[in-house]
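Right, one structure below, let's go through it.
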Amino acid sequence: MKIPFFPEQASNLAPSIDLLYFVLIALSLFFSILVISFVVYFSIKYRRGTQVDRNLAETDNLRLEVTWTAIPTVLAIVVFTWAAVVFFRMTVAPDDPDTVEIFVVGKQWMWKVQHPGGQREINALHVPVGQPVKLTMTSEDVIHSFSIPAFRVKRDTVPGRYTTQWFKATRPGEYHLFCAEYCGTEHAMMIGTVYALEPDDYDAWLAAAEPEDTPVARGERLINRHGCVTCHREGAVTPAPLF
């Protein structure tokens, strides 16, 4: 498996996330170099034996203190606001009728995927290019983390609850799928492939894939099998007796 040093940008979320990342790296490098430079400069200038004036002519400098407090504060607020906007854009799926909703279940040690039409995959995910894709995810056993580096998405799958993640693939291709949360002895083998297809190719794949029952049909069969319809009929709930 050839894993590049820096994944390519293959989703609509990737550019904004990368830009924020590089700005944070640049700010960190700038202030690190600035502080280290002053430390080295003053260490050399005021080393033992140098003939320099060590008297403090002024003990307080309000302008300097306000400057080195205000600049980092403003930068922190700007970066926090920017990161919050990116975060909400990543986590809130758009209200788009063309959104493809796909269900994902993590299990030691595989990813099980089901499409709205009932098509199923294991350790693979086919998605259309140019359409929003919303993943509804959970886990059968322990915490896993669904990660597609090229799309810049990573979300935990937690037993007993549902988490969601969305993205829009921007270029066709095959991309790595990982579990990014240590989940047991075979964690390193919990990998797969994401296939981003042109819409026509995606429709052809759906038509060629052997469909199974849709989640709605399976749910209806389970409700009837376990007698849930005794109390739950057409959205109405019959209250159970207290004793």
Separation between CD1 (I102) and CD (Q119), nearest 0.5 Å, reads 10.0 Å

Would you check if E140 and P159 make a side-chain contact, meaning some heavy-atom pair closer than 4.5 Å?
no

Next on the checklist: Can you tell whether the side chains of E8 and R171 come within less than 4.0 Å, N to carboxylate O?
Outcome noted: yes

query = Without hydrogens or angle criteria, can the side chains of R155 and S145 be said to hold a donor-acceptor pair below 3.5 Å?
reply = no

Ring centers of F178, H176 separated by less than 6.0 Å = yes

* Asked: Under a 4.0 Å N-O cut-off, is there an ion pair linking R152 with D18?
  -> yes

- Query: Can you tell me if W111 uses its side chain to pair, donor with acceptor, with the backbone of L125 under 3.5 Å?
  - Reply: no

In terms of side-chain heavy atoms, does E101 have a donor or acceptor partner in H115 at a distance below 3.5 Å?
-> no

Q. Where the side chain of W166 meets the backbone of V92, is there a donor-acceptor pair that is under 3.5 Å apart?
A. yes

Exercise for the section: Decide yes or no for W82 and L20: does some side-chain heavy atom of the first lie under 4.5 Å from some side-chain heavy atom of the second? Expected result: yes

Would the number of heavy atoms belonging to other residues, nucleotides or ligands and lying under 6.0 Å from CG of D95 be above 12? no

Q | H126 and W205 aromatic ring geometry - parallel, tilted or perpendicular at 30°/60° bounds | A | parallel

Does CZ in F88 sit with more than 12 non-hydrogen atoms of other residues, nucleotides or ligands closer than 6.0 Å? no

4.5 Å side-chain heavy-atom contact, E198 and P128: no

Does the N12 side chain pair with the main chain of K168, one donor and one acceptor, at a distance under 3.5 Å?
yes

Donor-acceptor pair, T163 side chain versus D156 backbone, under 3.5 Å?
-> yes

Please evaluate residues R161 and T138 with respect to the criterion side chain to side chain donor-acceptor pair (under 3.5 Å), reporting the C-alpha separation (whole Å), side-chain torsions for both, the decisive distance (0.1 Å), and the verdict. CA-CA 6 Å; R161 60 179 295 187; T138 189; over 6 Å; no

